[in-house]
Each structure stands twice: as structure tokens, then as C-alpha cells.
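Shown next, in C-alpha cells, is the structure this report addresses.
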Amino acid sequence: MGTPREDPLITPGKPPAKGATATPPPGVVDLSQLTLGPCTLVPSDQAAGAQVVQLHLQSAGPLPHTLQAAATAAGGALTVSCGLHLSSPPTGAPVCLVPAGASIQDGQLHWAADPTRFFVPGTAIASLKAAVEASQPLYLELARFLAPGMDALTDPAFEAYHGLAAVPVAAQLSEPGQKVANLQAVVTMSYLEGQQTGSLAQPGLPRPDPPANPKAKPIEEAPAASTDGTPPPCIWAKAQTTITATLQLQDPLYPPWQPPPMPAVSLQQLIPKREFVKTEDKPTASLVFQAQVQSAVKQLAVDYHKMFEAEEGGKSTPADPQQAAARQKQLVFELNRNGQYLRLKEQLKAAVVGIVQDSYHKSGGMGREEMQELYNKLYMHLATDMHMALNQLVSNKPSVAKAATAKGSSRGPEGPTRHQLAVLKGLADEAELTGDQAAAERYHQERTLAPANPQVWYDYGTFCLRTAKQGQAEQCLKEAVAIEPGHKAALLALAALLWHMGLHTDAAYLDQAETVLHAAKEAAADDAAVWALLSLVYESMASRRVSEHRNAASEMRRLGKVHNRRSVAGNPYLQVALLLLDLQLGECAQQALQAAGKGQGDEEVPGLEMALCCSKAASLTGDATGALEAAKEAARAADPEDVRPRIILGNLHWTAGRASQASKEYQGALRASPTSCPLDLYLRLGTTFLAEGEFEYARNVYVQACAVRPCASTWLGAGIAYLRLQDYDNADVALMEANVMNNRHAEVWGYLALLALHTGQAAEAEQATMWALRCELYNTQLLDEIGEQYMTLGRYDKARDMLRHSLVVKDTPHARWLLGDALCELGDLAQAASHYQAVQSDAATTAERTHALQQLLFIHRRRGEDNEAAECSTALAALQI
């Protein structure tokens, strides 16, 4: 066993000698053992794509301790052979490369120092390429043999020493231009086990013939046969024998790496760069109105001075209140007499009409209630503008008249400041989390007033994507790129959107996505995520861009190797998936996750991150069961301190309407790490407690949220909880803090009005109510509660106005019931009866219908309508049965 066995030359078609290592498949030739002689032409089907392949088996170890004993028993007539399967078809000869046998040195197997060269036909190379593309491993087959002619010896343990080792080569040979693969694999199974599992259909190394001599001496006893018919255990696998080798191709399976070709359309052609031209400022209707108010006040001041110049005596105003009232009366009379009052009225009328058209988009054709609501809003708007104009006059600030009447100004509008943009972004994010998409969009639109700011348009575009407004999102993201062509985040988001549209609407969008990603590549050439998304886009272009897909994926892997493989940064596909999930592009995210999960070679995919992303992607695509299973898998893989799986589980339960289960998960996350919990978790948990009447728990959650995630919504929640607990002082503090953080939050103003009514502050309640309506309060439950509280205080006119506004927002039996009561108290029985009649609907509860019928009975009797009263009595009796 000290010297390697020299195998005889095996040529195609010649039977092997007994115990020979292998018969090469048709067309496979061991070039190291060829001698010079007449040339033989290779058949054309074998020559096409054929290569000369070098296989260098280096070593294998550790070895089973029984191998040396068997070699000693064989008297040096035992050798070990190893072959590499390039293909293993279900039928026909396998393509297996088998160099000369090994020798044992220092407890390991060693092969010749030089590689063995093989001529491999094109069909075998094609099989190798197919295995690489399918990420299938190759197999090394290892077995021991007795030398030919050793009839006196036999090896009953051959099958136990006939092993297989799976060798992953896809990560190496799939790289463009790669010809060498370094192989290292552990023998994990016997050949019979591999045959049963379908790993290998046929052996590349032949089984020895049964011994011709019945008295042949065994070199090692065979392992005991199993009772269930399973193959004997592999001795190599038990010893964890590892085989090291090198495979070198003559030509790479894929051409060398080349940068992707430039797209047919450039980014400048697709999205022309925005050129800003300063234009004249067009004054708003509010500015025009304020300017006219200031002009009217100045003219009135001049007229006043002329009328009473002789009486003033150096004093600007009379000291006697009666004298001041008399002067005011005389001034009004004079304005009416000379027609100046009418001129002022007509002058302001055009500005008021402009405000109605610009701010409220109304131009006539409204109903009575809609007109009344418009008058209320318009009155508050005009009062505010008038006070602003007067304050500017008193404080000697520059007059708005200059801004409203300036012509030919070359200075563009300044728009919001950087601080204001940040505040508006925070308010937009908060409104989006609380589900107030209309308010969030208003804040984003206000931010777009900032000139030439690509980040503003990027934020607006991603918001539109999250709210399923893809057409609007495309325009916003293109605007961001037009302002700054190198804005990487906008380019990536736009490319992701175009990729999604190319998959679901028109394939032409894929070409646009390629153009955008080429621009992103130029802006951030070292960003692996850009290359990952580009490879996914190329893959979606089907067979026409296979080479570009492979080259982009190769560059992505090269750039990704600088990161920790267990982190998200180490898997660019996972980074792309996170981006797509944030943009609510679930199906695209699933494709990125599939690419991230393939993991070639030594790439490691972080299991927890994959499970979390898979759960989110499944949820976006409507697969609630898959989302729940992935979230549970993430919970099993996560550390106890990691609250993300709990939060995702809670979100899934919340979306499915399982509030109690969501509350359980949210509370578990809060106990584990309060600072890691997002704002929406606090708001949902607090809302659940408020709905269940657990006001103390709600207060505790909101107070904790105010410390961790302070914003108007958390302070509002705390204020509501304190209000329900009748802790009016703390409720006032919390609601005022919410108002400071966002003085345009309609519900904050609404609850301030409700608090003022509870504490008997009528003037403050009216002021807060005015601002709540101006900020467009749409919470009908809160509107009804304010109206009901006004009725408790006897302010039926205010109750009527609030309840009418509630009905405009949403027609509910409860609001009509309350409005009917208010109208009854105001003596408008006809209107009250109409609202009570409307309560008699399927949507109303039995208590609401009973109350409405009782009130109708009272009205009919009071008006002497006996027949209608009898009908009400009958209906009441039917309800009480």
C-alpha cells in the first residue's frame, strides 16, 4: 500500500481489466495515458463544445482506522480510487473523471502531484453547465479496490467503503470568466444511500466481481446487515473524511465579465433635467383680501381724521366712551351717505369670491346645509385673514399689499424653511401612521412648495407608493430625478416602481427601469443593492438579457463580500427586498427574497431577517396564512430581546381584526423593550384599551408613549384617557401639549372643546370648536359627543350646528336622534320630525328607534295630528313586544 497502483490504459470500447477503477464514458479520454499514434477523429456531436478538463485530487482525510488494517491484510494489494461525476443521467453511462489511485501517507490519502487531464465531450460540458445553473452539486465517488488477480482475497465490506461527497460548485463556476473550482467536500453517505435518495443514478466506479474462489479470505468483515433493509452505514462518513481537489476547465462556462451595455435611451432623454426659471409671483386670494383690508383701514383712518380733525386737539382717540360711540355712529352714517361703504363692500367682494374658489373649490349650486357650512368656514377664514392684516398694520411689519401687488419680481417664492420642512415631514409620517391619509397628503403637498428640493418629491413619491397611488408616485419620483439626476434613493425607488409596472402592465417599463438603474449605478457604482436590483430587472427581461443578468449578479456578489455575510448588508438582494417592502411592492419583494434565499457557495442568508421579510411580503400579497407562519418562524429564530417578530405578529392580528390577540403581542413587546416599539404599536394598543373602557391602562400606555415617541397623537391619546377618567387638569395639560405639537390637528381641537364644555368654559369651547371645524374635523363620534354636551349645558343652537356638521360627514341614526332633540328644544318641530323619521331605518338600534318614535308621538300630539300619533303608538307597541 506504500506506492500508488498503476492502472492499465483504458480506452473507449475496450473492456476493463478485473478490478480496474472505471470505464470512461463514450468520448471521455484520460489524456495522461495516451501514446502517440494514428489520429482518430472525434465525432461531431462530441467535438462541439468539448473541452480538456484537468482534475487534481489532492488529499482525503481523516481516514477510518479500519482502512490501514484492511490494507495490511491485503498485503499491499489494496488501493483507493476517487472520481468526479460531471453528470449522472438516469440512463446511459455517467460522465465521471477518475484519476489514478491514491496512496496512504501520514494517515491521509494522497494522489499524484500533477493534475490529470481529460478530454470531455460537449454533451458532458452541457450537463455540467446545466447543473451549475440549477445550483446542483457535483458528486465525488470514493471506493477501495483489491488489485486485479487477487483471487485469494475478497472484500465483503466494499459497499461500506463506497461513499459519496456532494460538492457545491455553482458559486464558483457560475461566475463569468471563472475556469477553476476549488473542491472540498465531506463524505456524507454511501453510494447505495445516494442511489436511494436520487443523488446519483449510476456509479462511476465499478463494483468488483464476486470472488471466483469460494475460499477467498476476506480482508475485513462486512458490517452487520440492518433488519429494515437500509444500506450499511458508510465508514468514510463515520470518519468525516474530507476530500480536497481542484477542477480546471479549458474555457469558462460563461464569458468573462463585461459591464452591462448602455441602454438605448439615456436618463436625460427619459427624464429631462429640470431647469428653473424665476417667474413673477402670483398673489393668493388671501393675500389680495388682506391687502384690500389694509387699504380700506388706511382710507377709513384718513376719513376719520378729516371728519373729527377739529375736535381731536392732538389726541388720537377720545377719552370719553360715549363720545367714541357717537363718533363711530357718525362715521358709519357718513360712509353710507356718500356711498363709500358700498364701494368698500364691492371691492372686497371679488377677493372673497376668489377665496371661495381657491380654498374651498366652490362656485355655486350648493344645498342649504352645504351653503351654511361654507358660510361658517368662510367666516372663520375671513376673520383670521382680517386679524392678520390688522396685526401687521399695528406691528409696523411690511404690508402684505406689497407682496400682493408686486409686478415683475425676479425673486421666486421661498417656500417652507428647512425647519418647517422637517416639521411637516414629521406631521405627515404621524398622520400616515394614524391612518389619516388625507392629512398626510396635505402635509406632503405643502412641502412641495419648497423650490428645487428633490428630497421633498422623493418623500411624497414614496408616500404615494405606500398608499397605492402608483401613477402619482411615478410623477413625483420623476420630478425628484429631474431636479437632481444623481439622487440615488429616488432613482432606486423609481426603478423599483418601473420594474413593478413592467411585470404587471407593459414590458416597455422594464427598459425604462434599466435606464434609471444605469443612472443609479453611475451615481453609486459601489452600491451592491443597485447591482442587485439591476440583475432582477435583467432577469425579468427573459432570455434576451441572460448574460447581463449574470454579469450584474456577479458584480453584486463582488461588492457584497466586503460586508458581514450574516448581516443584511452582506446580502444585497435582502437590501432590495427591504426597499420593496417599504414601498409596498409585495410581489417584487418576493422575487428579491427568492434570489436572496438561493445563497451560492459560502453565502449565508440571515434566517431571522428572511423570515421577517417573508412575513411582510406575504401580508402585502394577501397571503395571511403564509405571513403568520413566517412570523412564527421568525419568533422561533429570534432572541428574547428582539421584539420585531412580536410586533409583526401583532400587526397581522390587528389587520385581521383580532384586536385582543394583537394587544397580547403588543404588550409582550412593550415589556421586553419599550424603546424598540414603533409609534403605531403604542397608538393601536392605546386605542384598544380606550375602546374596551380600560381607561387607566390606556393612560399608562399613552403616557409611556409620550416619553418614548412624543408627538401630537400620543399626547392626544393621553388627554383622552385623562378626560375619560375625569382628571380634567391633566387632560388639559396633555391636550395643550398636543396642540403645541400640531395646532392643525382637528381632533385635538375637538377634545379641547369637549374638555372646555365639561369644565363649563363656554367661550373657550366655542373658540376650540371653531378651529376644529376649520381644520376639518371628520370624527363623527366626537362631533356627536360635543353636540350632546352642548345640549347638556342648554346651548341647543350650538348643538344643532355641530350635529348638522356631523351629518354632513356621515349620516348616522344617533346624530339624527340628537339633532332632532336639539331642534325640538329650539321649537323647530317640523325639522325635528323629519330627523326622527329618518331614524326609523335598519341601521338604527332598538333604543334609537324607540326614542325617535316617542319624540314623534309627542310632536304629532302637540300638532294635533291624531292619525300620525296613532301610527307612532302602534309602532312603539310593536317595538316593545
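Side-chain atoms are counted along with the backbone in the values below, which use heavy atoms only and exclude waters and symmetry mates. The structure presented is a predicted model; accordingly, all values stated were derived computationally and were not measured.
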Can a donor-acceptor pair be found between the side chains of [X] and [Y] at a distance below 3.5 Å?
X      : Y      : result
Tyr443 : Glu430 : no
Glu175 : Tyr254 : no
Ser535 : Glu539 : no
Arg684 : Tyr666 : yes
Trp499 : Ser540 : yes
Thr621 : Glu587 : no

So, do [X] and [Y] sit near enough that their side-chain heavy atoms are less than 4.5 Å apart?
X      : Y      : result
Val708 : Thr714 : no
Leu670 : Leu685 : yes
Leu449 : Pro416 : yes
Pro710 : Met741 : yes
Asp511 : Val265 : no
Ser554 : Pro176 : yes
Pro674 : Tyr682 : yes
Leu465 : Gln584 : no

Closest non-hydrogen atom pair, [X] against [Y]:
X      : Y      : value
Leu494 : Ile271 : CD2-CD1, 3.6 Å
Ala431 : Ala440 : CB-N, 3.7 Å
Leu533 : Ala495 : CD2-CB, 4.1 Å
Val576 : Ala529 : CG2-O, 3.5 Å
Leu497 : Gln470 : CD2-O, 3.7 Å
Gln269 : Pro272 : O-CD, 4.4 Å

What verdict does the side chain to side chain contact (heavy atoms under 4.5 Å, CB included) test give for Leu578 and Asp582, after you've listed the backbone C-alpha separation in whole Å, the side-chain angles of each residue and the deciding distance to 0.1 Å?
CA-CA 6 Å; Leu578 289 171; Asp582 182 61; over 6 Å; no
Residue list, ring-ring contact (aromatic ring centres under 6.0 Å, His included) with [X], at least two apart or on another chain:
X      : result
Phe689 : Tyr697
His745 : none
Tyr458 : His487

What's the separation between atom [atom1] in [X] and atom [atom2] in [Y], rounded to the nearest 0.5 Å?
X      : Y      : atom1 : atom2 : answer
Leu138 : Ser127 : CG    : OG    : 10.5 Å
Leu267 : Leu491 : CG    : CG    : 6.5 Å
His549 : Leu534 : NE2   : CG    : 10.5 Å
Ile125 : Leu249 : CD1   : CG    : 6.0 Å
His444 : Cys476 : NE2   : SG    : 9.5 Å

Does the pair Val546 and Tyr538 meet the rule for a side chain to side chain contact (heavy atoms under 4.5 Å, CB included), with working shown?
CA-CA 7 Å; Val546 171; Tyr538 280 138; over 6 Å; no
I'd like to know if the side chain of [X] and the backbone of [Y] have a donor-acceptor N/O pair within less than 3.5 Å.
X      : Y      : value
Ser619 : Ser615 : no
Arg709 : Cys677 : yes
His518 : Pro261 : yes
His504 : His500 : yes
Trp531 : Ala552 : no

side-chain hydrogen bond (donor to acceptor under 3.5 Å, both in side chains) involving Lys273 - partner list, sequence neighbours excluded
none
Give the intermediate values and the outcome of side chain to side chain contact (heavy atoms under 4.5 Å, CB included) for residues Leu253 and Ser174.
CA-CA 7 Å; Leu253 297 179; Ser174 64; over 6 Å; no
Full working for side-chain hydrogen bond (donor to acceptor under 3.5 Å, both in side chains) between Tyr778 and Glu747
CA-CA 8 Å; Tyr778 292 125; Glu747 288 196 19; over 6 Å; no
Counting heavy atoms not belonging to Gln437, are there more than 12 under 6.0 Å from its CD?
yes
Look at atom CD of Gln136 and say whether more than 12 heavy atoms of other residues, nucleotides or ligands are closer to it than 6.0 Å.
yes
Return each pair, listed once, that meets salt bridge (charged side-chain N to carboxylate O under 4.0 Å, His left out) where at least one residue sits in residues 437-465; pairs must be two or more places apart or across chains.
Glu441-Lys469, Arg442-Glu776, Glu446-Arg744, Arg447-Asp459
Selection residues 482-510 - residue pairs positive for salt bridge (charged side-chain N to carboxylate O under 4.0 Å, His left out), sequence neighbours left out:
Lys488-Asp527
Under the salt bridge (charged side-chain N to carboxylate O under 4.0 Å, His left out) test, residues paired with [X] that sit two or more places apart:
X      : answer
Glu514 : Arg545
Lys179 : none
Asp429 : Lys425

Please list all pairs passing the side chain to side chain donor-acceptor pair (under 3.5 Å) test where one or both residues lie in residues 625-639, with sequence neighbours left out.
none
Considering only distance and modelled atom types, tabulate donor-acceptor pairs under 3.5 Å from the side chains of residues 643-650, sequence neighbours left out.
unit_1: Arg644; atom_1: NE; unit_2: Asp642; atom_2: OD1; d: 3.1
unit_1: Arg644; atom_1: NE; unit_2: Asp642; atom_2: OD2; d: 3.4
unit_1: Arg644; atom_1: NH1; unit_2: Glu609; atom_2: OE1; d: 3.3
unit_1: Arg644; atom_1: NH1; unit_2: Glu609; atom_2: OE2; d: 3.0
unit_1: Arg644; atom_1: NH2; unit_2: Glu609; atom_2: OE2; d: 3.1
unit_1: Arg644; atom_1: NH2; unit_2: Asp642; atom_2: OD2; d: 2.9
unit_1: Arg646; atom_1: NH1; unit_2: Glu665; atom_2: OE1; d: 3.3

Of all pairs that satisfy ring pair (Phe, Tyr, Trp, His ring centres under 6.0 Å), the ones with a partner from residues 636-663, not counting sequence neighbours:
none
Please step through side chain to side chain contact (heavy atoms under 4.5 Å, CB included) for the pair Leu503 and Cys588, ending with a clear verdict.
CA-CA 9 Å; Leu503 292 175; Cys588 292; 3.9 Å; yes
